[in-house]
A.B. asks: 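The structure follows.
One-based numbering, in listed order, for ligands and for the atoms of each.
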Amino acid sequence: MLGLGTYGYTAPMASKTVVGYEAPDGVDIRGRYDEELAKILTKDALQFVADLQREFRSRIKYAMECRREAKRRYNEGALPGFDPATRYVREVDWVCAPVPTAVADRKVEITGPVERKMIINALNSGAKVFMADFEDALSPSWENLMRGQVNLKDAVDGTISFHDQARNRVYRLNDQTAKLFVRPRGWHLPEAHVLIDGEPATGCLVDFGLYFFHNYATFRRRQGEGFGPFFYLPKMEHSREAKIWNCVFERAEKMAGIERGSIRATVLIETLPAVFQMDEILYELRDHSVGLNCGRWDYIFSYVKTFQGHSDRLLPDRVQVGMTQHFMKSYSDLLIRTCHRHGVHAMGGMAAQIPIRDDPAANEAALDLVRKDKQREVRAGHDGTWAAHPGLIPACMEVFNNNMGNAANQIQTMKREDAANITEVDLIQRPRGVRTMEGLRLNTRVGIQYLAAWLTGTGSVPLYNLMEDAATAEISRVQNWQWLKYGVELDGDGLGVKVSLDLFGRVVEEEMARIEREVGREKFKKGMYKEACKIFTRQCTTPTLDDFLTLDAYNHIVTHHPKPSSRL
Ligand SMILES: CC(=O)SCCNC(=O)CCNC(=O)[C@H](O)C(C)(C)COP(=O)(O)OP(=O)(O)OC[C@H]1O[C@@H](n2cnc3c(N)ncnc32)[C@H](O)[C@@H]1OP(=O)(O)O
Ligand SMILES: O=CC(=O)O
Ligand SMILES: [Mg+2]
């Protein structure tokens, strides 16, 4: 007879022999034991993850040290720019491997966390692609990550279902589904529940390794038409990081005994340093690439982070930093030219608007903003775009279909040679706009509520009729930090109010009171708003900017379970 032990392992009651995950030598699983998860955390799959970790850990550490070195230079006043040493990669003509037919048409891609019901809804949504997210949209708790792996395996197998008991509704896959891409975490995030040789594993190698190991064969048969699996790769800052991914892919292909170039990935260009490395990133991944994507939200966050030491590059209110700002338009235009020159997709990004159910006029206005954003993208030459919500797909699809007709993409037809003239100055031009008290308040209100959701396991939330995730919340955080650091004078009220610790303290108090009123006392008490407020406030006021909101916050969601031991 089996009994569930206090620490999450299952022990036969009579003999006291403890059952935990069967891990290979040097691998220690400190996350809660669960029979369902044990089907993912098998000895062979963990061996594959450990092999990746051992092979690549020193290169990953070096890449992270290079990021710190670049940060030191920017903080001393240097500006990011093109690397003269790799001019030949930018100037010589070369192309990536041909785009597989399975993913030639990517006009609308839906994104969402690897949550069971959402995966089914996204795959059934009518979008061409579903990007299943272990990253910006997911709070990386052990449960979320590992359940996400179970969900994706069931989705790839085609057996996934979900019973919504409250509504007595069963969710299953349609005959026609979106093609699945998976976004692992960024290089910087550890997976504290998987220790390899005594050190936390690299989060993205756990995400990639487990997903690839369990799904490559079925995926290639059912979804990839002989290619795949497909991935999105986030938050890179340099082509050396893309090179590591390329080697990881080659290693995985070798393990699986599949042809080199089977795995395909789209890289998000969502850091300012990476915009100067787009050719180089594609070049490193040329046998495994299906393009680049304009990750606009992290890109804005990265602009502030890169220029944290530059008092002359302050951002206006977050709502004013849109795609029509010169630096954002330049980035998107150059991305399109770069991708099409090398024969791959140039994907657009995410409009933050979501459907507004209880207000038809506001809903129409939101839809109109989404349509305009998509119109701009398709006319500029993007081959597809992102939608945050199934309700937006018809509008996005209509815009792309109307502009592209029957063509699967615009790779050959929109070369954007004019964008060859885009310069370093264009790519870093200061955004225009005003800084207001309402901007400071909104950042604070959104940042705290997002973090409160994240701490309780939800990584993407609707706030004030917009989608908020880790990337958008980062903008709120670093913008507050920047305004505080430089004591900026707020526009708008004619009083010349400066952002100071005192003022910020008052804003935090008032916004917390407003949050309590808005969400209701009960929810406020039960939620993690106070903890979120503490973390957010510290991060906004710390003298040295934290690299990532989620790195510090991660310590609050790690729950280590003791190693199973037969002595207990
Ligand atoms: C910066 C970036 O990285 S962008 C990419 C990362 N961010 C994301 O992926 C955000 C994805 N979107 C979402 O998480 C959600 O749409 C939110 C949080 C913004 C809004 O969520 P909600 O307000 O709960 O949505 P809403 O209540 O309108 O949902 C209605 C239905 O649509 C489904 N739905 C909503 N968004 C999605 C989605 N992205 N994928 C699949 N299904 C979805 C819901 O599950 C729900 O299904 P049901 O009717 O069967 O119960
Ligand atoms: O990941 C996308 C972004 O905009 O950030
Ligand atoms: Mg992002």
A.B. asks: Let me check your reading of the structure: within less than 2.8 Å of the Mg ion (ligand 3), is there an N/O/S atom from D136?
C.D. replies: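 Checking D136: at least one N, O or S atom is under 2.8 Å.
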A.B. asks: What do you think, any protein heavy atom under 4.0 angstrom from atom 2 (C) of ligand 1?
C.D. replies: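 There is a protein heavy atom less than 4.0 Å from atom 2 (C) of ligand 1.
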A.B. asks: Could you identify the single nearest non-hydrogen protein atom to atom 4 (O) of ligand 2 and state the distance to 0.1 Å?
C.D. replies: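 Looking only at protein heavy atoms, the one closest to atom 4 (O) of ligand 2 is W297 N, 2.8 Å.
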A.B. asks: Show which atoms of ligand 1 fall inside a sub-4.0 Å distance from at least one heavy-atom site of P462.
C.D. replies: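 Ligand 1 atoms under the 4.0 Å threshold to P462: 18 (C), 23 (O).
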A.B. asks: On the six-membered ring of F162, is R116 placed so that its NZ or CZ lies under 6.0 angstrom from the centre and within 45° of the ring axis?
C.D. replies: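 No, R116 does not lie over the aromatic ring of F162.
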A.B. asks: Examine distances only and state if a side-chain atom of N363 and a backbone atom of I356 form a donor-acceptor pair shorter than 3.5 Å.
C.D. replies: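 Such a contact is found between N363 side chain and I356 backbone.
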A.B. asks: May I ask you to decide if the ring planes of Y303 and F327 are parallel, tilted or perpendicular, using 30° and 60° as cut-offs?
C.D. replies: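 Tilted: the ring planes of Y303 and F327 meet at 30° to 60°.
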A.B. asks: Using heavy atoms and a threshold below 4.0 Å, how should the contact between W386 and ligand 2 be classified: side chain, backbone, both, or neither?
C.D. replies: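 It is the side chain that touches ligand 2; the backbone stays farther off.
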A.B. asks: Report yes if some N/O of G112 lies less than 3.5 Å from some N/O of ligand 1; otherwise report no.
C.D. replies: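 Yes; the residue has a nitrogen or oxygen that sits under 3.5 Å from a nitrogen or oxygen of the ligand.
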A.B. asks: Give a yes/no verdict on whether any heavy atom in E135 is under 4.0 Å from an atom of ligand 1.
C.D. replies: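 No heavy atom of E135 comes that close to ligand 1.
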A.B. asks: Flag R357 as yes when one of its N or O atoms lies below 3.5 Å from any N or O atom of ligand 1, and as no otherwise.
C.D. replies: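 Between R357 and ligand 1, an N or O pair is found under 3.5 Å apart.
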A.B. asks: Looking only at heavy atoms, is any part of R296 under 4.0 Å from ligand 1, and if so is it the side chain, the backbone, or both, or is it neither?
C.D. replies: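 No part of R296 is near ligand 1 at this cut-off.
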A.B. asks: So, 4.0 Å and heavy atoms of R296: is ligand 2 close enough to count as a contact?
C.D. replies: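 Contact present.
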A.B. asks: For D133, counting its heavy atoms only, list the atoms of ligand 1 lying under 4.0 Å from any of them.
C.D. replies: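 Every atom of ligand 1 under 4.0 Å from some heavy atom of D133: 6 (C).
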A.B. asks: Quick one: look up the protein heavy atom nearest atom 29 (O) of ligand 1 and list residue, atom name and how far away it is.
C.D. replies: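 Checking every protein heavy atom, the shortest distance to atom 29 (O) of ligand 1 gives H389 NE2, 3.5 Å.
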A.B. asks: Please identify which of these residues, Q353, R296, M350, meets the side-chain contact (heavy atoms from CB on, under 4.5 Å) condition with D373.
C.D. replies: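 Of all the options given, the one that passes is R296.
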A.B. asks: Under a 3.5 Å cutoff, is there a donor and acceptor pairing between the side chains of Q539 and N480?
C.D. replies: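 Distance-only check fails for Q539 and N480.
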A.B. asks: State the atoms of ligand 1, each with its element, that fall below the 4.0 Å cut-off from a heavy-atom position in A122.
C.D. replies: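 Taking each heavy atom of A122 in turn, ligand 1 has 40 (N), 41 (C) under 4.0 Å.
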A.B. asks: Using side-chain heavy atoms (C-beta onward) and a distance below 4.5 Å, is M131 in contact with T266?
C.D. replies: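 Not touching, per the 4.5 Å side-chain cut-off.
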A.B. asks: Going by the order shown, which atoms of ligand 2 are within less than 4.0 Å of some heavy atom of G295?
C.D. replies: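 Near G295, the atoms of ligand 2 are 2 (C), 3 (C), 4 (O), 5 (O).
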A.B. asks: How does K117 reach ligand 1, if at all, at less than 4.0 Å between non-hydrogen atoms: by side chain, backbone, both, or neither?
C.D. replies: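 Under 4.0 Å from ligand 1, K117 contributes side-chain atoms alone.
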A.B. asks: With atom 12 (N) of ligand 1 as the reference point, say which of A127, A388, S460, A453 has the nearest heavy atom.
C.D. replies: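 It is A388 that holds the nearest heavy atom.
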A.B. asks: What are the two closest heavy atoms between L367 and A395, and how far apart are they?
C.D. replies: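 Smallest interatomic distance, heavy atoms only, reads CD2-CB, 3.9 Å.
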A.B. asks: Is it true that R318 and Q479 share a donor-acceptor pair across their side chains at a distance under 3.5 Å?
C.D. replies: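 Side chains of Q479 and R318: no pair found under 3.5 Å.
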A.B. asks: Just wondering, do M328 and I300 contact through their side chains at under 4.5 Å, heavy atoms?
C.D. replies: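 When only atoms from C-beta onward are counted, M328 and I300 do touch, with a gap below 4.5 Å.
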A.B. asks: Please confirm whether K523 makes a cation-pi placement over Y529, using NZ or CZ under 6.0 Å from the six-membered ring centre and within 45° of the ring normal.
C.D. replies: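 Verdict for Y529: no cation-pi partner in K523.
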A.B. asks: Output the atom name for the N/O/S atom of E270 with the smallest distance to the Mg ion (ligand 3).
C.D. replies: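 Atom name returned: OE1.
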A.B. asks: Looking at side-chain heavy atoms only, is the closest gap between R59 and K243 below 4.5 Å?
C.D. replies: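 Side-chain contact under 4.5 Å: yes.
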A.B. asks: Should V378 and Q410 count as side-chain neighbours, where that means a heavy-atom distance under 4.5 Å?
C.D. replies: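 Touching, per the 4.5 Å side-chain cut-off.
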A.B. asks: Just which atoms of ligand 2 are under 4.0 Å from any heavy atom in A471?
C.D. replies: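 Those of ligand 2 that fall under 4.0 Å from A471 are 5 (O).
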A.B. asks: Taking atom types as modelled, find out whether Q449 and R445 have a side-chain donor-acceptor pair closer than 3.5 angstrom.
C.D. replies: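 Q449 vs R445: no donor-acceptor pair found between side chains.
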A.B. asks: Is it true that Y171 lies under 4.0 Å from ligand 1, counting heavy atoms only?
C.D. replies: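 Checking ligand 1 against Y171, which is what was asked, there is a heavy-atom contact under 4.0 Å.
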A.B. asks: Between Y283 and R286, is there a cation-pi geometry (under 6.0 Å to ring centre, at most 45° from the normal)?
C.D. replies: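 Geometry flag: set, cation within 6.0 Å and 45°.
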A.B. asks: Who's closest to atom 32 (O) of ligand 1 heavy-atom-wise, of P390, A473, A471?
C.D. replies: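 Comparing heavy atoms across P390, A473, A471, the nearest one to atom 32 (O) of ligand 1 lies in P390.
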A.B. asks: When you measure from the centre of the six-membered ring of F181, is the NZ or CZ of R183 under 6.0 Å away and within 45° of the axis?
C.D. replies: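 Judged by the rule (NZ or CZ under 6.0 Å from the ring centre, within 45° of its axis), R183 is not positioned above F181.
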A.B. asks: Under 6.0 Å between the ring centres of F249 and F212?
C.D. replies: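 No, ring centres 6.0 Å or more apart.
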A.B. asks: For atom 24 (O) of ligand 1, is some protein heavy-atom partner under 4.0 Å away?
C.D. replies: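 So far as the 4.0 Å threshold goes, atom 24 (O) of ligand 1 is out of reach of every protein heavy atom.
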A.B. asks: Is there a donor in the side chain of H163 and an acceptor in the side chain of N168, or the other way round, less than 3.5 Å apart?
C.D. replies: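 A pair is found: one side chain offers a donor N or O, the other an acceptor, under 3.5 Å apart.
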A.B. asks: Please check if the distance between the ring centroids of F134 and Y211 is under 6.0 Å.
C.D. replies: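 Ring centroids of F134 and Y211 are no less than 6.0 Å from each other.
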A.B. asks: Once you restrict to heavy atoms under 4.0 Å, what part of E474 touches ligand 1? Side chain, backbone, both or neither.
C.D. replies: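 E474 to ligand 1: no contact under 4.0 Å from either part.
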A.B. asks: Do P100 and R264 have side chains that approach each other closer than 4.5 Å (heavy atoms only, starting at C-beta)?
C.D. replies: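 The answer is yes, as the side chains (C-beta and beyond) meet within the 4.5 Å cut-off.
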A.B. asks: Out of all atoms in ligand 1, which are within 4.0 Å of some heavy atom of R169? Include the element for each.
C.D. replies: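 Per the distance check, 50 (O).
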A.B. asks: Got the closest protein heavy atom to atom 2 (C) of ligand 2, with its distance?
C.D. replies: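 Going by distance alone, atom 2 (C) of ligand 2 is nearest to E270 OE1, 3.4 Å.
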A.B. asks: Under 4.0 Å from a heavy atom of A137: give me the atoms of ligand 1 that qualify, with their elements.
C.D. replies: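 Matching atoms, with element in brackets: 6 (C), 7 (N), 8 (C), 9 (O).
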A.B. asks: Give a yes/no answer: is there an N/O/S atom of D298 under 2.8 Å from the Mg ion (ligand 3)?
C.D. replies: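 Looking at D298, which is the residue asked about, there is an N, O or S atom under 2.8 Å from the Mg ion (ligand 3).
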A.B. asks: Using a 4.0 Å cutoff against the non-hydrogen atoms of D136, which atoms of ligand 1 qualify?
C.D. replies: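 Contacts of ligand 1 toward D136, numbered from 1: 1 (C), 2 (C), 3 (O).
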A.B. asks: Just going by heavy-atom distances, which of N121, I119, I110, D469 is nearest to atom 40 (N) of ligand 1?
C.D. replies: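 Nearest heavy atom to atom 40 (N) of ligand 1 lies in I110.
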A.B. asks: Would you mind running through ligand 2 and noting each atom that sits below 4.0 Å from a heavy atom of D298?
C.D. replies: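 Ligand 2 atoms under the 4.0 Å threshold to D298: 3 (C), 4 (O), 5 (O).
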A.B. asks: Give the atom numbers and elements of ligand 2 that come within less than 4.0 Å of a heavy atom of R183.
C.D. replies: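 Here the atoms of ligand 2 in question are 1 (O), 2 (C).
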A.B. asks: Answer with side chain, backbone, both or neither: which part of V461 has a heavy atom less than 4.0 angstrom from an atom of ligand 1?
C.D. replies: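 It is the backbone that touches ligand 1; the side chain stays farther off.
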A.B. asks: Looking only at non-hydrogen atoms, which of M467, R183, M118 approaches atom 13 (C) of ligand 1 most closely?
C.D. replies: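 Comparing heavy atoms across M467, R183, M118, the nearest one to atom 13 (C) of ligand 1 lies in M118.
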A.B. asks: Could you see which bit of R167 sits under 4.0 Å from ligand 1, with heavy atoms only: side chain, backbone, both or neither?
C.D. replies: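 It is the side chain that touches ligand 1; the backbone stays farther off.
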A.B. asks: Show your reasoning for whether side-chain hydrogen bond (donor to acceptor under 3.5 Å, both in side chains) applies to E284 and N246.
C.D. replies: CA-CA 7 Å; E284 292 299 350; N246 195 62; 5.9 Å; no
A.B. asks: Does an N or O from T111, backbone or side chain, lie closer than 3.5 Å to an N or O of ligand 1?
C.D. replies: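 T111 vs ligand 1: N/O contact under 3.5 Å present.
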A.B. asks: Between W297 and ligand 1, is there a nitrogen or oxygen pair with a distance under 3.5 Å?
C.D. replies: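 No - when backbone and side-chain N and O of W297 are compared with those of ligand 1, no distance drops under 3.5 Å.
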